[in-house]
Structures are given as structure tokens and as C-alpha cells.
Amino acid sequence: MTENTDISTDKTPKPVLNFIQEIIENDIRNNKNDARVHTRFPPEPNGYLHIGHAKSICLNFGLANKYNGKCNLRFDDTNPVKEDVEYVDSIMEDVRWLGFDWEDRLFYASDYFEQIYEFACQLIQKGKAYICDLSAEEISNLRGTTTQAGTESPYRNRTIEESLDLFHRMRAGEFAEGSHVLRAKIDMASPNMHMRDPILYRIIHTEHHRTGNKWCIYPMYDFAHGQSDSLERITHSICTLEFEVHRPLYDWFIRELEIYAPQQIEFARLNLSYTVMSKRKLLELVKNNYVNGWDDPRMPTICGLRRAGYTPESIRNFAETIGVARRDNIIDVALLEHCIREDLNKKAARVMTVMNPLKVIITNYPENQTEELDAINNPEDASMGTRKVPFSREIYIEREDFMEDAPKKYFRLAPGKEVRLRYAYYITCNDVIKDPETNEIIELHCTLDPLTKGGSSPDGRKVQGTIHWVSIQHAQQIQVNLYERLFTKENPEDLAEGEDFKINLNSNSLNVIKAYAEPYLGQNSVSGSKFQFERIGYFCADYNSTNHSPIFNRTVTLKDSWSKMQKS
RNA sequence: UGUCCGAUGGUGUAAUUGGCAACACGUCUGAUUCUGGAUCAGAAGAGUUCAGGUUCGAAACCUGAUCGGACAACCA
């Protein structure tokens, strides 16, 4: 008999590793960095985080969790003119909300300004950096092009002593912005533009949100980022593809400074269909009021998704599902929507609401009678219990759920047809009352079968359709924000010459309506609580919602095979 | 007219590192259901951008082409 001590290894499918995990597992095998795994999420506090950042957060923190390592949160705050505490606060809130914990490892690049200044001095002393007095425009002109070598600055061979003196005086605040910069002395003919004597420090007389007026010179991102990773002993510096061309420069700094070398690994950033992801464009939408702030539920920002009703679990699961690779990608937003439906299906309490009411009078039901019917809160989770739903003679149903000339495939209410009112009775439509002027249907007269109370009939006869309803006298009016995709085009940035991405904005992306809900909804919703409005979609109580005037945001519709059928 | 990176069903991501292309979403059937939801069962859809080469055998390795992306801020 063959030995088979561990059956589970046979059954468990081999976990599929992404290319980063493969690199890390290989490093662990080789005991690189003593098999330590230490990552970081390094945002600049100059905007709100979006779903693309969520991918990076899940990646970095997820890797640390998986390999028993650590992940730092570090703000790359090297440009005081663009950054603000408002952004650092929102970023911390979002990372925490996503479910990740940096413990005591909250850092700022500005924590290292003194050290980075010291690095700069070392470079000058080695003859590897110099102060350049050229203007921004002159520097740009002398940089050459991608196909032509640049020209060396006339200040390039300034003495070490002079550069050092000038650099100290820059720090002391003796010079105006733009008058001097510190540059690395590398190679003006390099095919890599980033190696053509890049700028290391510039003068900015702006108060920094953390260091105040202590500094008037600030390191460039390129001169701060790699060294920050090094100082934090980051083992795997994971970043997006566009920084790949910067890697030789970071490696140059590390080598010249003779400091610990993290390994940079680049991956392709997330693109989502029907939205834009660039901070600049999102800011434009906010600033020009195309949306109502960074946390507008139509925004792909984390706070926007949160306000729309997305859960951290659904976003983490999304990040897991899309994977990580190096090729450009556009993920179908339908996948994100699938992830939130999947999560909310298990968690959200069901409730009946009518969006577009059509009055129904149950003619054989006594006028002053009311009864409480039992309804299941979540058929996917019995532990969520049941509730009472009030029923009476006059109810609202959805206008969509009635058709005068119904095709055979239409399972809902029609003249002479019987349907089930969810958790209530079978009703049959006898009369259609119309406005004599407009010919618009104003109400329906129906009769119920008293034997079908609760929603099933003793004779076992089948009805094709079940529709939701709300008792008029018990109904609470609610405001519902029906959000749709922000853009009409799969790739809003796919534009003809001279066109602006805003021409692809969906003019119908927000529809505010009044709807009617069973009493349970208003009594049980606090800001952020999530519900499934039966047969309609998932909704989340807005933070402006009160018991008196409830407001709900549509997270996502339910899948709707009927409307799909109709289209084809 | 440069350098670097990439290319696998409609969309993503895999393929034990050279051994018959799999998974998820989407799409379509059917079953089931007091949500046209959920669930269950199944199907269609790529022969891996192209052309050569190495090999018994290539999505993978080599060469060339094509297409796409990144790079010339005192932004990150």
C-alpha cells in the first residue's frame, strides 16, 4: 500500500500565484532579506483614493498578510503646493475602511527630509551632484529629446565646494524659487531621459502641511521615494508600470549612496470600463460640479463606492478576482457589480418598496381592515429572521408590473390574469380605470382569493408571477437616488481629435425619485445600512438620511433577465 | 524615428516553468424557485498577434515583423 498521509494536498487545487507572489516565494526560498517580506502603500496626499488605489492597497497589504510580513502606510509628501491634511485624513480612513492595518507604521517622506538632505550632500561631495542655475525652461531645452542626446549644463563642472555652499544657502532661504536646483551628474546622452542629470531638489517657499516653514527646499519624488523605501527596509517596492523607467535612476541613487536596496516590481494599473481613473480628471468632475463631491456614489473613489453601498469585502474580493499582471487592461465594471451583488445577496435584508406607483384597490377586501403578514428578511440567511408587513384594501404596485396587452411571456399582472402579491394573496385584475382625458391608467380593481393568504393556495395551482407591493395607508415616502454609470462610453477617454472626455458623460446618471416603502425600512435604517429592495436592486441609506426623511442610494440593480429578453 | 515594456475566448487572469489551453465575469440553454433575484446543470466562444527557427513536442525558448503602452514636469 502506498503511503498517503496527507489526502488534503491531493484535493486542494494548487494555488495560482501571480507573478509578484512568484518573485516573493522565490526570494523567501533563497532566504533573501532573511526571508522577510515588507511592503508599503505610498500615496501622495493630493487627492482621494479610488478603486485603482484599492487594487494597490489590497496587493501590498495582502502580500504582507499572506507572507507573514508587514506593510507600511507612507505618505509621499514632497510637494507642499499640492498636498493637504484633508487628503491624508481621507486616505487613512479609506485604507482602514478597506480593512487594513498599518499598526504603528505610519510614515511620511517628510519624516526623512533631514536624512535625504544628507544624502544630497553626500552626492555633491562625491562629485555626483551639482547646483544648476539654469531656468526651468533652459533645463528643459537642454535635455534633448527621446531620439537626441541632451547638452550638459554650463554649471555641471562647478566645484564641489561651490555646489555645497550654494546648496546650504538654498536651504537657508537665500534664493528665490526657480533660481537654483540640485541636479545629479549622470549622463546627458542616456537613452533614458530620467538619467539626463535629473533634478534632485528645488526651492519652494510654501508651508508644508507637516514640516511647516522648516524647509524651503524639497526633494523631488524620484530623490525621495527610493530612499524612503530603503530607510524603511522595504523588501519589495511594488508600483505601477510607469515607474519602470525610473528604476535605473533609483538603483543609481542606492548604489552611489551605498544603502540598502529594495527590489522594485511594477504591475499594470487598473482601468475600469465606463469611468475615468486619473486624479486630474476626477478632480475636474468635482470642481466643476459634474458630480456632488469626491464621495458622489457615481465616482470610482473609495468614499464614493462606500457611499453607494459597496462593502470592503466586495472590493477586496474584486481586487483578488482581477489579478495582477503587467499588461494594460480594462476591467468590465460588470465584474465589480457582480462582486457587490454576491456579497449583498448574503447580507442585505429584503424589503418591499414601490418606485413608480400604480394604485390597486382590492375590491373584495374590507375597507377598514388591516392585517400583518409574515415576510422573510433574507431567504439566503434564516438567522436574519422575519418581519410583519401590513396589508390593506389599497396598495401600490409597480407600474411596470401591469400591462394591458401583455405578451404571453409576461408573467406579471394583466386584465383577467392572476399573480401573487409577495407574502400576501393571489389577486386577479378585473378592471382598469383610466383618466378619460389622457387615457392614462390611474388605478386597477382586483379581487383576492382569501384562501391564498400568505402566498400559497391549498389547491396547489400555480401563478406565473410574484410582484411586490406596499400598503398605501402604511407606506412611508422615501427619497431614492437612482444612480447609473457616469459615462455612456466603455472607454470615456477614447476620443476624436479635440474632443473632451466630458462629452461622454451620461446625462442621466442621477435620477432622484420619491418612492414608497413598507414601514420596516424606515424603522430599521441608519446611515450606511444596506437593503435589497425586492425585485429592484440593492440600496444603501445615505448619511443625510433621517428617520423622518429617509434617503437611499442605489448601489446596483438586481440582474434582470426580463428586461434583457425585452431588448432582444 | 530612440529606449524600455507588453500581446492567450467578448473582458480579465491561469497553464505544474517545454507535454493535448483552465478559471472567473459576461453570453446562451435547461431545471428549480413566493424575488424574471439566488441556486443547480449544461453550452457556445481562443488553438495563444504574424512569419520563420530550435525541439519528438512551443502559448512558453530564439530571430524578425506587426500592433499597443510608457518615457523629454523645478508633478507623483
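Just so you know, these numbers come straight off a predicted model, no measurement behind them. Chain identifiers are assigned alphabetically (A, B, ...) following the order of the sequence lines, protein sequences preceding nucleic acid strands; residue numbering begins at 1 within each chain. Only heavy atoms go into these numbers, but all of them, side chains included; no hydrogens, no water, no symmetry mates.
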Inset, instruction - Please list all pairs passing the salt bridge (Lys or Arg N to Asp or Glu O under 4.0 Å) test where one or both residues lie in residues 140-149 of chain A, with sequence neighbours left out. - result: none

Inset, instruction - Please find out if less than 6.0 Å separates the ring center of Tyr310(A) from that of Phe318(A). - result: no

Inset, instruction - Please check if atom CZ in Arg247(A) has more than 12 non-hydrogen atoms from other residues, nucleotides or ligands closer than 6.0 Å. - result: yes

Legend entry - Spacing of the P atoms in rA15(B) and rG9(B) (rounded, Å): 16 Å

Inset, instruction - Answer with base, sugar-phosphate or nothing: what part of the nucleic acid does Val324(A) contact at a heavy-atom distance below 4.0 Å? - result: sugar-phosphate

Inset, instruction - Measure the acute angle between the ring planes of His208(A) and Phe113(A), then classify it against the limits of 30° and 60° as parallel, tilted or perpendicular. - result: perpendicular

Inset, instruction - Could you measure between the two P atoms, the one in rG36(B) and the one in rC20(B), and give it in whole Å? - result: 45 Å

Inset, instruction - Assess the side chains of Tyr410(A) and Gln566(A): does a donor N or O sit below 3.5 Å from an acceptor N or O? - result: no

Inset, instruction - Would you classify Ile330(A) as touching base, sugar-phosphate or nothing, given that sugar-phosphate means primed atoms plus P, OP1 and OP2, and contacts are heavy atoms under 4.0 Å? - result: sugar-phosphate

Legend entry - Closest to side chain of Ile331(A), choosing from rG36(B), rA38(B), rG12(B): rG12(B)

Inset, instruction - For Lys409(A) and for Asn18(A), locate the closest nucleotide of RNA chain B by heavy-atom distance; then report the residue assigned to the nucleotide nearer the 5' terminus. - result: Asn18(A)

Inset, instruction - Taking atom CD of Glu342(A) as the centre, report whether more than 12 heavy atoms of other residues, nucleotides or ligands fall under 6.0 Å from it. - result: yes

Inset, instruction - Under 4.0 Å between any heavy atoms, over every strand shown, what does Arg350(A) touch: base, sugar-phosphate, or nothing? Just pick one. - result: base

Inset, instruction - With sequence neighbours excluded, tell me which residues meet salt bridge (Lys or Arg N to Asp or Glu O under 4.0 Å) with Asp374(A). - result: Lys388(A)

Inset, instruction - Determine the interplanar angle of the Phe223(A) and Phe253(A) rings, folded into 0 to 90°, and report it as parallel if under 30°, tilted if 30 to 60°, perpendicular if over 60°. - result: perpendicular

Inset, instruction - Is it possible for you to check whether Arg171(A) lies under 6.0 Å from the centre of the six-membered ring of Trp215(A), through NZ or CZ, and within 45° of that ring's axis? - result: yes

Legend entry - Atom CD of Glu22(A): over 12 foreign heavy atoms under 6.0 Å: yes

Inset, instruction - For rG18(B) versus rA60(B), give the span between their P atoms, rounded off to a whole number of Å. - result: 11 Å

Inset, instruction - Just say parallel, tilted or perpendicular for the rings of Tyr201(A) and Tyr117(A), cut-offs at 30° and 60°. - result: perpendicular

Legend entry - Glu380(A) CD - rA38(B) P separation (whole Å): 9 Å

Inset, instruction - Send over the distance from Tyr423(A) OH to rU33(B) P, rounded to a whole Å. - result: 16 Å

Inset, instruction - Between rG26(B) and rG12(B), how far apart are the P atoms? Round to whole Å, please. - result: 15 Å

Inset, instruction - Could you measure between the two C1' atoms, the one in rA59(B) and the one in rA70(B), and give it in whole Å? - result: 25 Å

Inset, instruction - May I ask you to say what Tyr410(A) touches in the nucleic acid, namely base, sugar-phosphate or nothing, with a heavy-atom cut-off under 4.0 Å? - result: base

Inset, instruction - Considering only atom P, compute the distance from rC23(B) to rG64(B) and round it to an integer number of Å. - result: 37 Å

Inset, instruction - Evaluate the ring planes of Phe41(A) and His53(A), with Trp represented by its six-membered ring, and classify them as parallel (under 30°), tilted (30 to 60°) or perpendicular (over 60°). - result: perpendicular

Inset, instruction - Sequence neighbours left out, what passes ring pair (Phe, Tyr, Trp, His ring centres under 6.0 Å) with Phe531(A)? Give chain and number order. - result: none

Legend entry - Rounded distance (Å) that lies between atom P of rG37(B) and atom CE of Met352(A): 18 Å

Legend entry - Any Arg535(A) side-chain N or O less than 4.0 Å from OP1/OP2 of rG36(B): yes

Check: protein-nucleotides 73-76 of chain B nitrogen or oxygen pairs below 3.5 Å:
{"residue": "rC74(B)", "atom": "OP2", "partner": "Arg143(A)", "partner atom": "NH2", "Å": "2.9"}
{"residue": "rC74(B)", "atom": "N4", "partner": "Leu134(A)", "partner atom": "O", "Å": "3.1"}
{"residue": "rC74(B)", "atom": "N4", "partner": "Ala136(A)", "partner atom": "N", "Å": "3.1"}
{"residue": "rC74(B)", "atom": "N4", "partner": "Gly178(A)", "partner atom": "O", "Å": "2.9"}
{"residue": "rC75(B)", "atom": "OP2", "partner": "Arg202(A)", "partner atom": "NE", "Å": "3.2"}
{"residue": "rC75(B)", "atom": "OP2", "partner": "Arg202(A)", "partner atom": "NH2", "Å": "2.8"}
{"residue": "rC75(B)", "atom": "O3'", "partner": "Arg202(A)", "partner atom": "NH2", "Å": "3.3"}
{"residue": "rC75(B)", "atom": "O2'", "partner": "Asn79(A)", "partner atom": "ND2", "Å": "3.1"}
{"residue": "rA76(B)", "atom": "OP1", "partner": "Thr78(A)", "partner atom": "OG1", "Å": "2.7"}
{"residue": "rA76(B)", "atom": "OP1", "partner": "Arg202(A)", "partner atom": "NH2", "Å": "2.9"}
{"residue": "rA76(B)", "atom": "OP2", "partner": "Tyr221(A)", "partner atom": "N", "Å": "2.9"}
{"residue": "rA76(B)", "atom": "O4'", "partner": "Glu44(A)", "partner atom": "OE1", "Å": "3.4"}
{"residue": "rA76(B)", "atom": "N6", "partner": "His246(A)", "partner atom": "NE2", "Å": "3.4"}

Inset, instruction - Tell me which residues in residues 266-275 of chain A put a heavy atom below 4.0 Å from RNA chain B, sorted by number, or none. - result: none

Inset, instruction - For rA38(B) and rU27(B), measure between their P atoms and round to the nearest Å. - result: 10 Å

Inset, instruction - Taking syn as within 90° of 0 and anti otherwise, name the glycosidic form of rU8(B). - result: anti

Inset, instruction - Give the dot-bracket string for RNA chain B, reading 5' to 3', where a pair is Watson-Crick or G-U wobble with both distances under 3.5 Å, ( ) marks pairs inside the strand, [ ] marks pairs crossing earlier ones, | marks a partner on another strand, and . marks unpaired. - result: .((((((..((((.....[..)))).(((((.......))))).....(((((..]....))))))))))).....

Inset, instruction - Scan Gln532(A) against the nucleic acid and name what it touches under 4.0 Å (heavy atoms): base, sugar-phosphate only, or nothing. - result: base

Inset, instruction - Enter syn or anti for the glycosidic conformation of rG53(B), syn applying to angles within 90° of 0. - result: anti

Legend entry - side-chain hydrogen bond (donor to acceptor under 3.5 Å, both in side chains) partners of Glu398(A), counting only residues at least two apart: His468(A)

Legend entry - Residue list, ring pair (Phe, Tyr, Trp, His ring centres under 6.0 Å) with Phe243(A), at least two apart or on another chain: Tyr221(A), His246(A)

Inset, instruction - Would you indicate whether Glu400(A), at its atom CD, is surrounded by more than 12 heavy atoms from other residues, nucleotides or ligands within a distance under 6.0 Å? - result: no

Inset, instruction - With P as the reference atom in both, quote the distance from rA73(B) to rG52(B) in angstrom, rounded to an integer. - result: 43 Å

Between N or O atoms, less than 3.5 Å apart, protein on one side and nucleotides 1-8 of chain B on the other: list the pairs.
{"residue": "rG2(B)", "atom": "N3", "partner": "Thr146(A)", "partner atom": "O", "Å": "3.2"}
{"residue": "rC5(B)", "atom": "O3'", "partner": "Arg326(A)", "partner atom": "NH2", "Å": "3.4"}
{"residue": "rC5(B)", "atom": "O2'", "partner": "Arg326(A)", "partner atom": "NH2", "Å": "3.3"}
{"residue": "rU8(B)", "atom": "OP2", "partner": "Arg327(A)", "partner atom": "NH1", "Å": "3.0"}
{"residue": "rU8(B)", "atom": "O4", "partner": "Arg327(A)", "partner atom": "NH2", "Å": "2.9"}

Inset, instruction - Would you list the pairs meeting salt bridge (Lys or Arg N to Asp or Glu O under 4.0 Å) in which at least one residue belongs to residues 192-205 of chain A, sequence neighbours left out? - result: Arg156(A)-Asp197(A)

Legend entry - Phe411(A) vs Ala325(A), nearer the 5' end of RNA chain B by closest nucleotide: Ala325(A)

Legend entry - Value in whole Å for how far the C1' atom of rG12(B) lies from CG of Asn329(A): 7 Å

Inset, instruction - Not counting sequence neighbours, which residues clear side-chain contact (heavy atoms from CB on, under 4.5 Å) with Asp381(A)? List them please. - result: Asn378(A), Ser383(A), Met384(A)

Kindly give the atom pairs (protein nitrogen or oxygen, nucleotide nitrogen or oxygen) under 3.5 Å for nucleotides 24-31 of chain B.
{"residue": "rU27(B)", "atom": "OP1", "partner": "Lys564(A)", "partner atom": "NZ", "Å": "2.7"}

